[in-house]
Novice: 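Before I ask anything, here is the structure I am working with.
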Amino acid sequence: MPIKIKMKTFIFIVCLGLMFVSCKKTGTTTGASPYQSQGVITGYDPRMCAECGGLFITIKNDTTKNAPPRYDINESLQQLGIDPNTKFPINVSLNWMRDTTALGSFGYIIVTKIKVIN
């Protein structure tokens, strides 16, 4: 009799475990934006140096420690998939991360996903 109870308990635990393993979290909620930040591309970086160039962007909801007033993107509008004739300022939704190369110490970021918003 104890073996049958142990076997039933074992089967119950295995089934319960399989239910937890088969469940997965999608990571998105209804109505949530697929972008981590909102920003404004304010214009081209006019500085002339070996490490300069690209675009200036202000991240509206930047919560990073000691966030600068603006960042640099080392890409052109065309490289970002934005029409080069678009007038500044350009409101965007974006996913980004700080550049981990030497450019990162100069305030450059890497944009991983971007969308122009009106």
Side-chain angles (χ1 to χ4, degrees):
M1 182 101 112
I3 294 175
K4 287 184 181 182
I5 292 174
K6 287 182 182 180
M7 185 58 90
K8 287 180 182 180
T9 304
F10 175 76
I11 292 172
F12 174 76
I13 291 172
V14 168
C15 289
L16 190 62
L18 288 174
M19 284 190 333
F20 283 115
V21 171
S22 66
C23 294
K24 63 180 178 179
K25 190 173 183 178
T26 61
T28 59
T29 58
T30 304
S33 173
Y35 298 94
Q36 74 187 59
S37 300
Q38 303 295 312
V40 179
I41 300 174
T42 55
Y44 289 103
D45 181 350
R47 297 176 292 176
M48 302 298 268
C49 66
E51 301 297 324
C52 301
L55 300 163
F56 287 134
I57 185 167
T58 302
I59 307 292
K60 292 182 182 178
N61 54 342
D62 186 3
T63 59
T64 58
K65 187 176 181 179
N66 300 324
R70 70 166 194 261
Y71 291 101
D72 284 291
I73 304 171
N74 196 22
E75 293 183 80
S76 68
L77 290 176
Q78 190 170 6
Q79 289 170 317
L80 292 172
I82 299 172
D83 181 1
N85 297 318
T86 305
K87 303 293 181 205
F88 296 109
I90 304 169
N91 294 309
V92 294
S93 294
L94 72 153
N95 290 346
W96 62 280
M97 60 185 168
R98 288 198 177 212
D99 194 329
T100 57
T101 67
L103 291 175
S105 62
F106 296 104
Y108 281 83
I109 62 170
I110 297 170
V111 175
T112 57
K113 185 176 181 183
I114 193 165
K115 175 184 173 188
V116 175
I117 54 175
N118 296 331

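All residue numbers in this chain count up from 1 along the given sequence. Just so it is clear, the values below take in all heavy atoms, side chains as well, and ignore hydrogens, waters and symmetry mates.
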Novice: Under a single-linkage definition using a 4.5 Å side-chain heavy-atom cutoff for Ile, Leu, Val, Met, Phe, Trp and Tyr, are Tyr35 and Val116 assigned to the same hydrophobic cluster?
Specialist: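 No, no single cluster joins them.
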
Novice: Could you give the distance from CG (Leu55) to OH (Tyr108), rounded to the nearest 0.5 Å?
Specialist: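 Here the interatomic distance stands at 9.5 Å.
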
Novice: Working to the nearest 0.5 Å, report the span between OG of Ser37 and CG of Asn61.
Specialist: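 Interatomic distance, Ser37 OG to Asn61 CG, rounded to 0.5 Å: 4.5 Å.
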
Novice: Under a 4.5 Å side-chain heavy-atom rule over Ile, Leu, Val, Met, Phe, Trp and Tyr, are Ile114 and Phe56 clustered together?
Specialist: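 They do not share one cluster, since no chain of ILVMFWY contacts under 4.5 Å joins Ile114 to Phe56.
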
Novice: Between Trp96 and Thr112, what is the shortest heavy-atom contact and its length?
Specialist: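 The pair with the smallest heavy-atom distance is N-OG1, 4.0 Å.
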
Novice: Which heavy atom of Arg98 sits nearest a heavy atom of Ala67, and at what distance?
Specialist: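 Taking Arg98 first and Ala67 second, the nearest heavy atoms are NH2-CA, 4.1 Å.
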
Novice: May I ask whether Ile90 and Tyr44 are part of the same hydrophobic cluster, defined by side-chain heavy atoms of I, L, V, M, F, W, Y residues being less than 4.5 angstrom apart, directly or through others?
Specialist: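 Yes, Ile90 and Tyr44 fall within the same hydrophobic cluster.
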
Novice: Would you say Asp72 and Asp99 make side-chain contact, with heavy atoms under 4.5 Å?
Specialist: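 No, every pair of side-chain atoms sits at 4.5 Å or beyond.
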
Novice: Could you tell me which non-hydrogen atom of Val111 sits nearest to which non-hydrogen atom of Glu75, and how far apart they are?
Specialist: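 The answer is O-OE2, 4.4 Å.
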
Novice: Does Gln36 reach the side chain of Thr63, with side-chain heavy atoms less than 4.5 Å apart?
Specialist: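 No, their side chains stay 4.5 Å or more apart.
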
Novice: Might you point out which heavy atoms bring Thr86 and Asp83 nearest each other, and give the distance in Å?
Specialist: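 It is OG1-O, 2.8 Å.
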
Novice: As a quick check of understanding, evaluate side chain to side chain contact (heavy atoms under 4.5 Å, CB included) for Leu80 and Leu94, giving each step before the final call.
Specialist: CA-CA 11 Å; Leu80 292 172; Leu94 72 153; over 6 Å; no

Novice: Which is it for Tyr71 and Thr64 under the side chain to side chain contact (heavy atoms under 4.5 Å, CB included) test, yes or no, and what are the steps along the way?
Specialist: CA-CA 12 Å; Tyr71 291 101; Thr64 58; 3.2 Å; yes

Novice: Nearest 0.5 Å, what's the CD1-CG distance between Ile109 and Asp62?
Specialist: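 That separation rounds to 8.5 Å.
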
Novice: Among Val40, Thr42, Ile41, exactly one meets side-chain contact (heavy atoms from CB on, under 4.5 Å) together with Phe88. Which residue is that?
Specialist: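 Running side-chain contact (heavy atoms from CB on, under 4.5 Å) over Val40, Thr42, Ile41 with Phe88 returns exactly one hit, Ile41.
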
Novice: Rounded to the nearest 0.5 Å, how far does OG1 of Thr100 lie from CD1 of Ile110?
Specialist: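 It is 5.5 Å, given to the nearest 0.5 Å.
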
Novice: Specify the closest pair of heavy atoms between Pro34 and Asn95, including all atoms of both residues, with the distance to one decimal.
Specialist: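 Heavy atoms of Pro34 and Asn95 come nearest at O-ND2, 3.4 Å.
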
Novice: Of all heavy-atom pairs between Arg70 and Thr58, which one has the smallest distance, and what is that distance?
Specialist: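 That would be CB-OG1, 4.1 Å.
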
